[in-house]
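Quantities reported herein were computed from a predicted structural model and do not represent experimental measurements. Numbers here simply count residues along the sequence, with the first being 1.
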Amino acid sequence: MAGFFAGEYDIIVIGAGHAGCEAALAAARKGCKVLLATLHMDSVALMPCNPSVGGTGKGHLVREIDALGGEMGKNIDATYIQSKMLNTSKGPAVHSLRAQADKKAYSQRMKKVLESEPNLFLKQLEIVEIETQGSKVTGIVSKTGGLYKAKAVILACGTYLRSRIVIGEAAYDSGPSGLSNAKYLSESLEKNGIRLQRLKTGTPARAHKRSIDFAKLEPQYGDRIITPFSFSTKEIGYKNEPCFLAYTNEATHEAIRANLHRSPLFSGFIQGVGTRYCPSIEDKVVRFAEKPRHQLFVEPEGLGTDEMYLQGLSSSLPEDVQEAFLRTIKGFENIEVMRSAYAIEYDAIDPTQLKLTLETKAISGLFCAGQINATSGYEEAAAQGIVAGINAAEHIHGKPQLTLGREAGYIGVMIDDIVTKGASDPYRIMTSRVELRLLLRQDNADIRLMPYGYKHGLVPEAAYSALLEKEEAIQAEKARLKESYVSPSEEVNRVLSSANSAALKGPATLHSLLKRPEISYADLEGIDLSRPALDLKTIQQVQLQVRYEDYIEKQKKQRDDFLKSESKLIPEGFDYSSVPNLRLEAREKLSKQRPESIGRASRIGGISPADSQMLLIALKKLESEQSI
């Protein structure tokens, strides 16, 4: 209950993790007066788990955030200690950038960016109530009784809602990394009709650098040539702090199996549902019993600390068991654990209660972003944060909001997945979830999404103009290559032979030569006499678009077919009980989630192709009746 009036803002963001930071910055940069409330000033942009940004699928999200005008890409470019492009042995659709972060530097720089934003007010508060009037949010109440009024509120609470830490037989109320949790806000959400679910995640132990015998481990270095995350980064210094590869063994597995009866994961003591894609080491030992070993990475937490992160060894086993199985690993014989591994249970919402804009369906002006939406990962959170921040600002300004479809980017796939299908366990993005992944590559995120960022006021005029110039240069060069012919000659065939490519028997365009997988744009320099001066990023796009042209055209056709089903809208308030031959389960699910289109209806769990067809027939009949 409010005790005093504490201030009025356009937008209040609850939580200053990766979602909250992007949400607050986006809204503030769009001219809104924003209050960013955090439980702890030291937890701003905190990395309580892996000290890294990006990775398979996740790297796409970071580049898309940057293209929309977000901060995560810039922040990691300034604070990385190793960077690597993953999956380069495969096609460009799955190339993903990943950078090891200096954990403390990352947090400190982001905090400084927030503090430097004129419209943004960062304040340490615990929020205990959401204030509403009818079905509209009006503000929040702090634990100390302060009433803060607002036109919109964004929940970016991470894993802090009624959270508890579990280590073996011990369990206690706490947020990540021993920070205090948010004990009361969940009750307020439930009173406002928001359905909650209980989820679980976890983190591995941290060990002292001096206690690890690195001579027994395999060093893993990053790239020699660094690819920045941000399209705006012009210069990036070279850093290549090594990580190390280690392996569990049969002795490790036996130490774990002998203590499964003490595992809260298997005893039922942990009630929350954990992520399928990042299982604990005890879960891996049980599920993959045939494997003689499991891979793990030893990663530095930063340049100013001796803590090493043991990726791949997430656990909730008791501390004595953790130390016992760790010492069976080669190189860890004398390990000093600085922070024990733990599991954390917390409240999250059922994300099917959200619109594609991330606004709740039940309460106007209340948005949700990040792990409260049953997702996992810093990148997933930040991507939702920028969307929620943009849309909260457009909501209070009465302007069209940002809705990204599955055809637009990984952000659109993720939001459509959680809003349409829900998430019974912590969701993470993967390239396998993306149907049009050759179109939605990480290298063209600026071409795909910067127009949205510009439209919504987060991409500067100069950056957008540079993008248009780049696109024009790409198209002009592709057209020139199609019109440029070379004939068989000693020099032409020498160039082709040096690239292990077949000799020419007749005239050919440079475009057709570049489509050969063994030929690069650089290979053709000696026989391309009218080549213009182009920057490296433009050349990379030209080469990629030409080489994969046929596959790209096929995916564009798939995209067009997909958009047809997405454009078939379902009228608001449509009566699903009136659809003949529609199964009871389908009626219930469609009535509950109220999808906007036939396409979204077809992706709801439990909706069969036959259900979609019955719905389509009913809509066509309705349209026919209305046109009479």
Side-chain angles (χ1 to χ4, degrees), residues 7-16 19-37 65 68-70 117 119-121 127 129-140 147-157 188-189 192-194 349 351-370 372-373 381-405 408 411-412 414-416 418-420 449 451-459 569 572 593-596 600:
E8 187 165 356
Y9 298 84
D10 292 321
I11 295 170
I12 295 172
V13 180
I14 303 174
C21 289
E22 294 291 352
L25 285 168
R29 289 167 176 172
K30 286 178 63 60
C32 298
K33 182 182 178 183
V34 178
L35 171 65
L36 177 55
I65 292 164
L68 289 174
E117 188 62 45
N119 292 326
L120 199 158
F121 301 85
I127 309 307
E129 285 185 42
I130 301 296
E131 290 279 299
T132 59
Q133 187 171 18
S135 59
K136 182 179 178 181
V137 73
T138 57
I140 54 94
L147 172 63
Y148 296 82
K149 304 294 287 184
K151 300 168 187 171
V153 172
I154 301 172
L155 298 175
C157 308
S188 177
L189 293 176
N192 278 286
I194 303 295
I349 72 164
T352 61
Q353 298 168 102
L354 301 173
K355 303 175 184 177
L356 288 172
T357 59
L358 298 182
E359 183 181 20
T360 59
K361 295 174 182 177
I363 302 174
S364 175
L366 180 63
F367 294 77
C368 297
I372 191 173
N373 288 345
Q384 293 168 70
I386 192 169
V387 171
I390 289 170
N391 286 336
E394 302 297 25
H395 169 81
I396 67 173
H397 292 147
K399 294 183 178 180
Q401 297 182 32
L402 172 65
T403 301
L404 295 175
I411 296 177
M414 172 181 63
I415 292 176
D416 182 71
I418 62 173
V419 170
T420 304
L449 295 186
Y452 292 97
Y454 176 72
K455 176 183 177 181
H456 289 278
L458 293 183
V459 171
L569 300 180
E572 190 173 346
Q593 294 192 214
R594 311 218 61 86
E596 293 91 343
R600 283 200 65 209

Quick check: does any side chain N or O of Gln401 sit under 3.5 Å from a backbone N or O of Glu394, one acting as donor and the other as acceptor?
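Checked: no pair found.
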CZ of Phe367 to CG of Leu358: how many Å apart, nearest 0.5 Å?
8.0 Å
Determine whether a donor-acceptor pair (N or O, by modelled atom type, separation under 3.5 Å) exists between the side chain of Lys361 and the backbone of Gln593.
yes
Main-chain N/O of Leu366 paired to Thr360 side chain as donor or acceptor, under 3.5 Å:
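Yes; at least one donor-acceptor contact below 3.5 Å.
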What is the distance from atom CD1 of Ile415 to atom NZ of Lys355, rounded to the nearest 0.5 Å?
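Spacing of CD1 (Ile415) from NZ (Lys355) equals 14.0 Å.
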Determine the minimum heavy-atom distance between Leu35 and Tyr148, stating which atoms define it.
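Residues Leu35 and Tyr148, closest heavy atoms: CD2-CD2, 3.6 Å.
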Does a side-chain heavy-atom distance below 4.5 Å link Ile130 with Leu155?
yes
Could you pull out the closest heavy-atom pair between Ala369 and Ala19, with the gap in Å?
O-CB, 3.7 Å
Separation between CD1 of Ile14 and CD1 of Ile127, rounded to the nearest 0.5 Å:
5.5 Å
Between Lys30 and Asn391 (side chain of the first, backbone of the second, donor and acceptor by atom type, cut-off under 3.5 Å), is there such a pair?
no
For the atom pair CG (Leu36) and CG (Leu25), what is the distance rounded to the nearest 0.5 Å?
8.0 Å
To the nearest 0.5 Å, what is the distance between NZ (Lys33) and CZ (Phe121)?
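One gets 5.5 Å once the value is rounded to the nearest 0.5 Å.
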Closest heavy-atom contact between Ile65 and Ala383?
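That would be CD1-N, 3.4 Å.
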If you take all heavy atoms of Gly69 and Arg29, which pair is closest and at what distance?
O-NH1, 3.8 Å
Scan Ile396, Val34, Asn119 and name whichever one has a side-chain contact (heavy atoms from CB on, under 4.5 Å) with Asp10.
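With Asp10 as partner, side-chain contact (heavy atoms from CB on, under 4.5 Å) holds for just one option, Ile396.
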Are Val153 and Ile363 close enough, and set up right, to give a side chain to side chain contact (heavy atoms under 4.5 Å, CB included), and what steps lead you there?
CA-CA 10 Å; Val153 172; Ile363 302 174; over 6 Å; no
Atom pair CD (Glu117) and SG (Cys21), whose distance is rounded to the nearest 0.5 Å
12.0 Å
Kindly give the heavy-atom pair with the smallest separation between Val419 and Leu354, and that separation in Å.
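Taking Val419 first and Leu354 second, the nearest heavy atoms are CG1-O, 3.0 Å.
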Ser135 backbone acceptor or donor facing Ser364 side chain under 3.5 Å:
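Here the side-chain-to-backbone pair does not exist.
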Of all the heavy-atom pairs spanning Ile154 and Ala23, show the shortest one and how long it is.
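Nearest heavy atoms, Ile154 then Ala23: CD1-CB, 4.0 Å.
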Taking Asn373 for the side chain and Cys368 for the main chain, is one N or O donor matched with an acceptor at less than 3.5 Å?
yes
Is it the case that the side chain of Glu22 and the backbone of Gln384 share a donor-acceptor pair, with hydrogens and angles ignored and the cut-off at 3.5 Å?
no
Residues two or more places apart in sequence or in another chain: which of them pass side-chain contact (heavy atoms from CB on, under 4.5 Å) with Gln353?
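Expected list: Ile194, Arg195, Ile349, Asp350.
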